[in-house]
Amino acid sequence: MPGHRWKVLPRKFYRRDPRAVAPELLNKLLVRDDGRAGRIVEVEAYCGSEDPAAHTFRGKTARNATMFGPAGHMYVYFTYGMHWCANAVCGEVGEGVGVLMRAIEPVAGIELMRAARPRAVRDRDLASGPARLTQAMGITGEFDGIDLVRNERGLRIVSDGTPPPVHAVAGPRIGISRGIEHPWRWHVPAHPHVSRK
DNA sequence: GTCCCGATTCCCT
DNA sequence: GGGAATCGGGACC
C-alpha cells in the first residue's frame, strides 16, 4: 500500500462539533496495518447531552467513558448481544460527542475482509453497515479507547487527498427511536456501498 | 435483582 | 416486510 502518501488526520480535525466532523470524514480512509483499508462513505453524528439518541445523553458510565475522553480516540461498543460498532470521538474532553462510522467501501485487503465475513457474497455487503464494517476490519472491544491519531493497534484514519463530496446527502439517522428529527446522517451521493438508500 | 430494549444483521416469507 | 439471534447496560423497583 502507498501508505507514505497518506496523511493521518490530526487531533484538531476531531476537536470540533461532530456535525462538522462527520461530513468531512466522508472519503477519508480507515486503515489497518494488516493491509485492510476502506473509504468512509456513510457516517452519523452523536451529540452528547443535547442528543437523546446518544449513549452519552445521560452522562458518563463505564461503557461510554471513551466518548468523554480526548478527541481522535475510538469508541467501540457492543450491541444486540453480538455486534460491535466504532466511533471517532470528537469535541472537547467531557462533551461525550462523536461520529459513528456506518459504511466503508473496501479498497485494500479485501481477501482478509472476505475471510472475516464469509457470508457476504457481494463486495457491497462486506462493510456496508456499522457492524459489518467492524467485522470486515476486525474491530472488537479490544480497540475501544485506542488513539487513531497515534496509530494505536495499527488502526488509523487518513486522507489520500480525495476531498469530501461537495454535496453530501444528509438525512435522519438509522436505528434510533429518539432524536429522529435531526438530519445527522451523511453519505456520499449515490454510492453503492452505503448501507441504505 | 428484574426487566426492557438497543447507534444490527441475517434469513425467511 | 417480519422475526429471531443474543446479552449487557441502564432504568427502575
Side-chain angles (χ1 to χ4, degrees), chain A residues 14 17-23 25-26 28 30 38 40-69 71 73-91 95-106 113-146 148 155 157 168-188 191-197:
Chain A
Y14 299 99
D17 189 299
R19 290 160 291 194
V21 175
L25 274 173
L26 296 176
K28 300 296 188 292
L30 180 64
I40 299 169
V41 297
E42 179 184 350
V43 293
E44 289 177 354
Y46 286 88
C47 302
S49 60
E50 70 169 274
D51 181 3
H55 289 170
T56 51
F57 179 63
R58 296 174 192 279
K60 189 175 180 178
T61 67
R63 177 205 199 193
N64 65 26
T66 297
M67 277 279 263
F68 287 93
H73 289 241
M74 191 163 74
Y75 168 51
V76 182
Y77 68 88
F78 187 62
T79 192
Y80 289 100
M82 63 189 98
H83 297 308
W84 298 99
C85 296
N87 303 250
V89 178
C90 296
E95 289 187 341
V97 299
V99 175
L100 172 69
M101 291 175 275
R102 287 194 54 91
I104 58 174
E105 173 193 358
M113 295 188 194
R114 286 194 174 288
R117 285 187 45 73
R119 288 172 155 162
V121 177
R122 306 174 302 176
D123 274 0
R124 63 186 299 180
D125 291 325
L126 276 178
S128 56
R132 294 174 172 185
L133 182 158
T134 58
Q135 287 174 35
M137 293 294 287
I139 295 169
T140 68
E142 296 184 351
F143 287 75
D144 182 45
I146 65 161
L148 291 164
L155 195 67
I157 299 177
V169 180
R173 294 170 293 179
I174 291 174
I176 58 171
S177 56
R178 293 175 302 174
I180 55 178
E181 68 275 22
H182 301 299
W184 292 344
R185 168 179 180 249
W186 291 267
H187 64 81
V188 177
H191 198 289
H193 290 257
V194 166
S195 68
R196 300 195 203 176
K197 289 182 180 180

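So that the names make sense, note that chain A is the first sequence line, chain B the second, and so on, each numbered from 1.
By the 6.0 Å contact criterion, CD on E142(A) is open, its count of non-hydrogen atoms from other residues, nucleotides or ligands being 12 or less.
You'll find the side chain of V21(A) stays beyond 4.5 Å of the side chain of V97(A), heavy atoms only.
Pairing each heavy atom of S195(A) with each of R102(A), the nearest pair is OG-NH2, 3.3 Å.
Across all strands shown, dG9(C) forms a Watson-Crick or G-U wobble pair with dC4(B), both key distances being under 3.5 Å.
One interatomic measurement links the two molecules: CG of N64(A) to C1' of dA11(C), which rounds to 15 Å at whole-angstrom precision.
Rounded to the nearest 0.5 angstrom, D144(A) CG and W84(A) CH2 are separated by 8.0 Å. In this structure, I176(A) CD1 and H182(A) NE2 are separated by 8.5 Å, a value rounded to the nearest 0.5 Å.
We find that D51(A) and R19(A) are not joined by a salt bridge, their nearest charged nitrogen and carboxylate oxygen being 4.0 Å or further apart. Between R114(A) and D123(A) there is a salt bridge, since at least one side-chain N of the basic residue sits less than 4.0 Å from a carboxylate O of the acidic one.
Remark: the separation of the P atoms in dG1(C) and dA7(B) is 22 Å, to the nearest Å. If you take atom P in dT2(B) and the same atom in dT6(C), they sit 23 Å apart, rounded to whole Å.
Within the structure, every side-chain polar atom (N or O) of R58(A) is placed at least 4.0 Å from both OP1 and OP2 of dG10(C).
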Nucleotides 3-13 of chain B: protein proximity per nucleotide (B base, S sugar-phosphate only, - neither; heavy atom, under 4.0 Å): ---BBBSSS--

N/O-N/O pairs, protein side and nucleotides 1-3 of chain C side, under 3.5 Å:
none

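For the side chain to side chain donor-acceptor pair (under 3.5 Å) with E42(A), the lone residue among H191(A), R185(A), R196(A) that qualifies is R185(A).
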